[in-house]
Protein chains: 2
Amino acid sequence: MAVQSLKERIIETALDLFRHKGYHGVSVDEIVETAGTSKGGFYHKFKSKDALLYEIHDVFISQVLKETKKAYDQNETPIDKVCSMLYSFTNVFDVYQRHITVFYDESAYLPPEYKNVIKEKRTEYRQMIEQVIEDGKKSGHFRPEISTTITTMAIIGLVNWTYKWYRQNGSLTMEQITLHFNDLILRGIMTDQGSQEAKHKKYLI
Amino acid sequence: MAVQSLKERIIETALDLFRHKGYHGVSVDEIVETAGTSKGGFYHKFKSKDALLYEIHDVFISQVLKETKKAYDQNETPIDKVCSMLYSFTNVFDVYQRHITVFYDESAYLPPEYKNVIKEKRTEYRQMIEQVIEDGKKSGHFRPEISTTITTMAIIGLVNWTYKWYRQNGSLTMEQITLHFNDLILRGIMTDQGSQEAKHKKYLI
DNA sequence: CAATCGGTACCGACTAGTCGGTTTGTACAT
DNA sequence: ATGTACAAACCGACTAGTCGGTACCGATTG
């Protein structure tokens, strides 16, 4: 185990507590007691309880964005890009599952100045997926008659919802889940031409 | 507009407030003031603030369950059942959108005795979808190699996530969205035999 | 080496304010 | 008179955040 700074210890503790009781179900007193520190220590590291919530949000969304960009840039065809982006996201999942729960369930409680920063990153993420769908339509891999918006939100929903049911010690691995998601989405949006490529690259089950 | 009882007025008010500020972002004082009543009136109608939260949860999930059961019972083939169930759900959406937001974002704050009731109904809902997938595999409409669990969660995720982005006054109607969802999911899980039937019944775009 | 100094990290008692819930009061119907 | 349906004032518990203080650590000086 790496040496843990006080800040890291507070975040780790808070994540566990928030996930089970929700942001408002946990007081700063409880966080500092569980983390084995003090009120002073907490406010030395964080401007406010809200700032801690923001940090948890930002760490997660920034990582997702970074990985997604990489997946987009490092792949050639839209099919490769889609699969790689899905794979990236679900990979982040395994590491940041606690962040995600807080991210999606408690974001309403972020003060506006924090919320805007997060919102921009979320938008950027959505636009990258929309871009891939558009690319695929133009290149003939994806059917032109599907709606980019709806398809994008379908993909995001499908993937994001995983945080509600996926358990790291459960019987399903992220690998299996991603494989199924790829199969479901690709079959749903590809043209016959696209299907040839996907089959050849073994993206389908 | 129908005559509104005090109880209905409180629920309507609370829904609007909760949706924008979250459950903990709204005090009972604010609810009663906005609803034009008093603390006494509130606690005359509700045992506690938690009880109000529970009621919002229950109204929504009970309706979803009822509609889904109907969709299952009143259709013959798995393909019809799936489409009808999706259609039911998205229909409930239009009416209960505010409930849904509270339902998914604030359920962590339900006290255990309430939470268990809700959890049972959610499980029942999930099992109905799993049942349809299984039915479809047996009847040859759906591909036997897909995982029932993952596919079920994919469908639920896809559909549920809609509450995060769908807006009643937006440019997309629920009708269009449902059509796309049906297309995406069916193409993703059907066998060639199933595809014939779906095309014939015009379930695909 | 030892004494001193400055700054950072951290502590915990304290406070002002807010919240959910209760108690008491009142108007009205039966 | 008695119960119902609310209103208004009130209360105790709890919370986020503050603030005066201490412990520690590395650099500077004699």
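Since the structure is predicted, the reported quantities are computational estimates derived from the model, not experimental observations. Values below: all heavy atoms of this structure, side chains included; hydrogens, waters and symmetry mates excluded.
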Flag the pair A:Lys164 and A:Asp105 as a salt bridge only when some basic side-chain nitrogen lies within less than 4.0 angstrom of an acidic carboxylate oxygen.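 Salt bridge: yes.
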Going by heavy atoms closer than 4.0 Å, what residues in residues 109-117 of chain B are next to DNA chain D?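 DNA chain D contact set from residues 109-117 of chain B: none.
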Looking only at non-hydrogen atoms, find the nearest pair between A:Val64 and A:Thr68 and report the distance.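 In terms of heavy atoms, the two residues are closest at O-OG1, 2.6 Å.
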Would you call the rings of [X] and [Y] parallel, tilted or perpendicular if under 30° counts as parallel and over 60° as perpendicular?
X: B:Phe103; Y: B:His57; value: tilted
X: B:Trp161; Y: B:Tyr163; value: perpendicular
X: A:Tyr96; Y: A:Phe60; value: tilted

With no hydrogens and no angle check, is any side-chain donor or acceptor of A:Thr191 less than 3.5 Å from a backbone partner on A:Gly140?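 Between the backbone of A:Gly140 and the side chain of A:Thr191 there is a qualifying donor-acceptor contact (under 3.5 Å).
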Residue list, salt bridge (Lys or Arg N to Asp or Glu O under 4.0 Å) with A:Arg143, at least two apart or on another chain: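 For A:Arg143 the salt bridge (Lys or Arg N to Asp or Glu O under 4.0 Å) partners, ignoring immediate neighbours, are A:Glu145, B:Asp183.
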Within the 4.5 Å heavy-atom criterion, are A:Ile133 and A:Ile155 side-chain neighbours or not?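 When only atoms from C-beta onward are counted, A:Ile155 and A:Ile133 do touch, with a gap below 4.5 Å.
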Check whether any side-chain heavy atom of B:Lys45 sits under 4.5 Å from a side-chain heavy atom of B:Leu6, and report yes or no.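 Yes, side chains in contact.
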Sugar-phosphate, base or nothing in reach of B:Val32, heavy atoms under 4.0 Å: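 The residue B:Val32 makes no contact with any strand.
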Out of A:Ile129, A:Ile177, A:Leu86, A:Thr178, which one pairs with A:Val159 under the side-chain contact (heavy atoms from CB on, under 4.5 Å) rule?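 The residue from A:Ile129, A:Ile177, A:Leu86, A:Thr178 that satisfies side-chain contact (heavy atoms from CB on, under 4.5 Å) with A:Val159 turns out to be A:Leu86.
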Can a donor-acceptor pair be found between the side chains of A:Tyr203 and A:Asp80 at a distance below 3.5 Å?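 Yes, A:Asp80 and A:Tyr203 have a side-chain donor paired with an acceptor closer than 3.5 Å.
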B:Gln176 and A:Ser147: side chain donor to acceptor below 3.5 Å: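 Their side chains do not contain a donor-acceptor pair, so the 3.5 Å distance test is not met.
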With pairs defined as Watson-Crick or G-U wobble and both distances under 3.5 angstrom, please note down DNA chain C as a dot-bracket string, | for pairing with another strand. ||||||||||||||||||||||||||||||
Anything under 4.0 Å to a heavy atom of chain B counts; send over the first and last such nucleotide of DNA chain D, read 5' to 3'.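 Taking any atom under 4.0 Å from a heavy atom of chain B, the span is D:dA5 to D:dA9.
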Selection: residues 33-46 of chain B, any non-hydrogen atom under 4.0 Å of DNA chain C: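 Heavy-atom cutoff 4.0 Å gives B:Lys39, B:Tyr43.
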Which donor-acceptor pairs under 3.5 Å do side chains of residues 26-33 of chain B form with protein atoms, sequence neighbours excluded?
| unit_1 | atom_1 | unit_2 | atom_2 | d |
| --- | --- | --- | --- | --- |
| B:Ser27 | OG | B:Glu30 | N | 3.1 |
| B:Asp29 | OD1 | B:Lys39 | NZ | 3.2 |
| B:Glu30 | OE2 | B:Lys21 | NZ | 2.6 |

On DNA chain D, check which nucleotide each of B:Leu6 and B:Asp29 is closest to and give me the residue with the more 5' one.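 Whichever sits nearer the 5' end wins; that is B:Leu6.
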